[in-house]
There are 2 protein chains.
Amino acid sequence: MDQLTEAADKLKLLGDKTRLTILCLLKDREWCVCELVEVLSISQPGISQHMRKLKSHGIVNESRRGQWVYYSLNVQDKPYIHAVLDYMPGTAGTLSLLNRQEPGRICE
Amino acid sequence: MDQLTEAADKLKLLGDKTRLTILCLLKDREWCVCELVEVLSISQPGISQHMRKLKSHGIVNESRRGQWVYYSLNVQDKPYIHAVLDYMPGTAGTLSLLNRQEPGRICE
DNA sequence: CTACAATATAATCATATGCTTATACTATTA
DNA sequence: TAATAGTATAAGCATATGATTATATTGTAG
């Protein structure tokens, strides 16, 4: 797959508000699925499917610990994605755009 | 519209290979519609529709001269879009990815 | 082992998207 | 004014996408 096809495919992942919001939340720390469900207005399977897409493109890492699955950013080697996120709000700013509080750390 | 919604909507425009290719071609000079048609494998109305979307989001400028309509990048004030394009090939590199030559400058 | 909690997958559906062809508009030129 | 070239809009269509609900899977705890 050529450079532009691959870039377009990755940028398409950022072109969805839910996924972009997730990536912004991940800027400062890892999040488990249930926390994302608590903060975003979307069902648990909805979150899982977004995370699968992000993972399949290598944009997030998955870490299973106990019954929780934590996701973290993996964009060190994707400069144009990293650059976009640099201009986006981090965890706190994103939560405030969502009119949400930090979720209770139920997990662990 | 909040910051993330607007950013996602603009990034969505970059998440299509045809549009991303057009924006890369525009990095070094303006292009008219007929040149884009000559270089990309898509119909003239297809190009026009992509340009309308890009224009409606302020990502390109339109300049009508004679019977030709020229489009140019307008991303100075859109830092995260500008940053993405900085990592993408310019006109020559994009043409070579497409296995195309510079189109004959039929216009003007 | 059973019950429950967290997550993933499957199936489904409504809408969005990108393309095409046909047609309309606009500007140049004969 | 008529013909033509460049571009835009309209309509139609196949596919992609993002969501939901139902169900399966996995892990923990009693």
Side-chain angles (χ1 to χ4, degrees), chain A residues 1 4-5 8-23 25-26 30-57 59-72 98 103-108, chain B residues 1 4-5 8-23 25-26 30-57 59-72 98 103-108:
Chain A
M1 191 169 52
L4 287 178
T5 303
D9 284 352
K10 285 191 165 50
L11 289 167
K12 185 176 299 184
L13 293 177
L14 306 197
D16 172 81
K17 191 197 176 179
T18 301
R19 278 190 301 262
L20 186 61
T21 302
I22 291 171
L23 294 174
L25 291 171
L26 292 177
E30 58 183 10
W31 284 62
C32 71
V33 175
C34 60
E35 291 178 304
L36 293 170
V37 171
E38 186 176 341
V39 152
L40 300 169
S41 303
I42 180 181
S43 65
Q44 175 269 315
I47 298 286
S48 275
Q49 285 162 23
H50 282 306
M51 300 323 287
R52 180 166 49 166
K53 287 187 189 181
L54 291 169
K55 190 179 61 166
S56 76
H57 283 79
I59 294 177
V60 301
N61 284 318
E62 182 184 282
S63 162
R64 296 173 169 264
R65 296 207 295 281
Q67 56 190 326
W68 293 283
V69 178
Y70 291 88
Y71 289 96
S72 54
L98 295 170
R105 306 305 297 274
I106 36 189
C107 25
E108 283 187 332
Chain B
M1 192 168 51
L4 287 178
T5 303
D9 284 352
K10 285 190 164 52
L11 289 167
K12 185 176 300 186
L13 293 177
L14 306 197
D16 173 81
K17 190 196 177 180
T18 301
R19 278 190 301 262
L20 186 60
T21 302
I22 290 171
L23 294 175
L25 291 171
L26 292 178
E30 58 183 9
W31 284 61
C32 72
V33 174
C34 60
E35 291 177 305
L36 293 170
V37 171
E38 186 176 341
V39 152
L40 300 169
S41 303
I42 180 182
S43 64
Q44 175 269 316
I47 298 286
S48 275
Q49 285 162 22
H50 282 306
M51 300 321 287
R52 180 166 49 165
K53 287 187 189 180
L54 292 170
K55 189 179 63 165
S56 75
H57 282 80
I59 295 178
V60 300
N61 284 319
E62 181 184 283
S63 162
R64 297 175 168 263
R65 294 207 297 281
Q67 56 190 327
W68 294 282
V69 178
Y70 290 88
Y71 289 97
S72 55
L98 295 170
R105 306 303 300 273
I106 36 189
C107 26
E108 279 187 334

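This one's a predicted model, so the numbers in the text were calculated from it and none came from an experiment. Every chain is numbered from 1 and lettered A, B, ... according to where its sequence line falls, protein lines coming before strand lines.
Nucleotides of DNA chain C nearest to B:Gly66 and B:Pro45 differ in position, and the one nearer the 5' end is that of B:Pro45. Where A:Thr18 and B:Tyr71 each meet DNA chain D at their nearest nucleotide, the meeting point lying more 5' is that of B:Tyr71. Residue whose closest nucleotide on DNA chain C sits further toward the 5' end, between A:Gln44 and A:Lys12: A:Gln44. Summary of the strand contacts: A:Gln67 and B:Lys55 both lie near DNA chain D, and taking for each the nucleotide with the nearest heavy atom, the more 5' one is attributed to B:Lys55.
Atom CD1 of B:Ile22 and atom P of D:dT7 are 13 Å apart (whole Å). A straight line from CZ of A:Arg64 to P of C:dT7 spans 9 Å, rounded to a whole angstrom. The interatomic distance linking B:Trp68 (CH2) with D:dA8 (P) rounds to 14 Å, in whole Å. Regarding A:Asp16, its CG atom lies at a distance of 17 Å from the P atom of D:dA16, rounded to whole Å. When the C1' atom of C:dA27 is taken as reference, atom CD of B:Glu62 falls 14 Å away, rounded to whole Å. At whole-Å resolution of the value, CZ in B:Arg52 and P in C:dA24 are 17 Å apart. Atom pair B:Lys17:NZ and C:dC19:P shows a separation of 11 Å (rounding to whole Å applied). Residue A:Leu14 contributes atom CG, which lies 12 Å from atom P of D:dG18 at whole-angstrom precision.
Nearest to the side chain of A:Val33, among D:dT7, C:dA8, C:dT20, sits C:dA8.
Residue B:Arg65 has no polar side-chain atom (N or O) positioned under 4.0 Å from OP1 or OP2 of D:dG6. Listed pair A:His50 / D:dA19 meets the phosphate criterion, a side-chain N or O lying under 4.0 Å from OP1 or OP2. Phosphate contact (OP1/OP2 of C:dT20, side-chain N/O of B:Ser43, threshold under 4.0 Å): present.
Within 4.0 Å (heavy atoms only), B:Ile42 reaches sugar-phosphate atoms of the nucleic acid but no base atom. Within 4.0 Å of B:Gly46, counting heavy atoms only, lies at least one base atom of the nucleic acid. Using a 4.0 Å heavy-atom distance criterion, B:Lys53 is classed as a sugar-phosphate-only contact.
Of all the heavy atoms in B:Glu35 and B:Glu30, the pair that sits closest is OE1-O, 4.4 Å.
B:Arg65 and B:Ser63 form a side-chain donor-acceptor contact under 3.5 Å, judged by distance and modelled atom types alone.
Side-chain contact between B:Asp16 and A:Lys12 is absent, with no heavy atoms from C-beta onward closer than 4.5 Å. At a threshold of 4.5 Å between non-hydrogen side-chain atoms, the residues B:Met51 and B:Ile22 count as touching.
The main-chain N or O of B:Ser72 is never found under 3.5 Å from a side-chain atom of B:Trp31 such that the two would form a donor-acceptor pair.
Contact of B:Gln49 with C:dT17 (side chain to base): no donor-acceptor pair of N or O atoms is detected under 3.5 Å.
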